[in-house]
Amino acid sequence: NYEYNLKIGNLVCDKTNFYFLDVRSYLDYTLFSRRDMLDKCGVDYLANQENNVVSSCSNFENTFMCMPYDNFFRNEMYKKFTKNSQIIYIHFSHERLSELEDENGTLNVDLICYEDRVKNLKKVSNHTIIVSNKKDETVIQELFNIIGGKREHK
């Protein structure tokens, strides 16, 4: 659930010295003419430009990122993050995801491809946090336990 991840990421960054990056918004900001790129240059060109932006994110330091699945796995982009990053998968059950509303239309794809996406995310993640019915503060504490010494309260 991307919106939930944004919420948790912002809460974590409010309590630490980490910067927060919503990669989806960063792509929109950096490639402000995405619709024109798609119309004039085609889907391959746009995907290549998006890959360049996502790749640049792998060089960011002290940053808590929330990234869409498609951008993370396209062309094995996740490999750029494995050496210098903690990849944390915040897991929702299929049932819980199906109860959510989604304005972006990505949730339907997430539900259809649920098993494959879970398998892929677990394979590349350093840690998995199962949300279940946990309170936000419990999930945040689990994240703090993972990032350990990197945490500096503001």
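Worth knowing before you read on, the calculation uses all heavy atoms, side chains too, and leaves out hydrogens, waters and symmetry mates.
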Check your understanding: Quick one: salt bridge (Lys or Arg N to Asp or Glu O under 4.0 Å) partners of D44, sequence neighbours excluded?
Key -> none
Revision key, fill the gap. To the nearest 0.5 Å, atom CG of N133 lies from atom OG1 of T138 at 11.0 Å
Point to revise | Close side-chain approach of N84 to S58, heavy-atom, < 4.5 Å | key: no
Exercise for review: With sequence neighbours excluded, tell me which residues meet side-chain hydrogen bond (donor to acceptor under 3.5 Å, both in side chains) with D22.
Suggested key: Y2, S25
Practice item. Sequence neighbours left out, what passes side-chain hydrogen bond (donor to acceptor under 3.5 Å, both in side chains) with K135? Give chain and number order. Key: none
Check your understanding: Within the distance-only criterion (no hydrogens, no angle test), does the side chain of S125 pair as donor or acceptor with the backbone N or O of L121 below 3.5 angstrom?
Key -> yes
Review point. Do you know the tightest heavy-atom contact between F18 and T63?
Key: CD2-N, 3.8 Å
Check your understanding: Who are the side-chain hydrogen bond (donor to acceptor under 3.5 Å, both in side chains) partners of N120, not counting sequence neighbours?
Key -> Y69
Check your understanding: Is the side chain of S33 donor-acceptor paired with the backbone N or O of D36 at a distance under 3.5 Å, no angle test?
Key -> no
Exercise for review: Evaluate the ring planes of F72 and Y78, with Trp represented by its six-membered ring, and classify them as parallel (under 30°), tilted (30 to 60°) or perpendicular (over 60°).
Suggested key: tilted
Exercise for review: Evaluate the side-chain proximity of F81 to V54: yes if any heavy-atom separation is below 4.5 Å, no if none is.
Suggested key: yes
Exercise for review: Tell me, please, which residues at least two apart from N126 pass side chain to side chain contact (heavy atoms under 4.5 Å, CB included).
Suggested key: Q86, I87
Check your understanding: Atom CD1 in I112, atom CZ in R117: separation rounded to 0.5 Å?
Key -> 9.5 Å
Check your understanding: Which residue pairs satisfy the salt bridge (Lys or Arg N to Asp or Glu O under 4.0 Å) criterion with at least one member in residues 48-64, sequence neighbours excluded?
Key -> R34-E50, E50-R74
Exercise for review: Kindly state each residue pair satisfying ring pair (Phe, Tyr, Trp, His ring centres under 6.0 Å) with at least one member in residues 39-66, sequence neighbours excluded.
Suggested key: Y26-F60
**Study point:** Stepwise side chain to side chain contact (heavy atoms under 4.5 Å, CB included) test for L21 and C57
**Key:** CA-CA 9 Å; L21 179 64; C57 293; 3.7 Å; yes
Review point. Say you draw a straight line from CG of L46 to CG of L31; how long is it, rounded to the nearest 0.5 Å?
Key: 7.0 Å
Check your understanding: Y19: what forms a ring pair (Phe, Tyr, Trp, His ring centres under 6.0 Å) with it, not counting sequence neighbours?
Key -> none
Check your understanding: Of all residues at least two apart in sequence or in a different chain, which pass the salt bridge (Lys or Arg N to Asp or Glu O under 4.0 Å) check with D136?
Key -> K7
Review point. Taking only residues two or more places apart in sequence, or in another chain, which ones meet K134 in a salt bridge (Lys or Arg N to Asp or Glu O under 4.0 Å)?
Key: E142
Practice item. Apply salt bridge (Lys or Arg N to Asp or Glu O under 4.0 Å) to E137 and list each qualifying residue two or more places apart in sequence or on a separate chain. Key: K15
Check your understanding: When you measure from the side chain of N1 to the backbone N and O of E3, does any donor-acceptor pair fall under 3.5 Å?
Key -> yes
Check your understanding: Any Lys/Arg nitrogen of R96 or E99 sitting under 4.0 Å from an Asp/Glu carboxylate oxygen of the other?
Key -> no
Study note, to complete from the structure: Sorted by chain and residue number, the side-chain hydrogen bond (donor to acceptor under 3.5 Å, both in side chains) partners of Y114 (sequence neighbours excluded) come out as H91
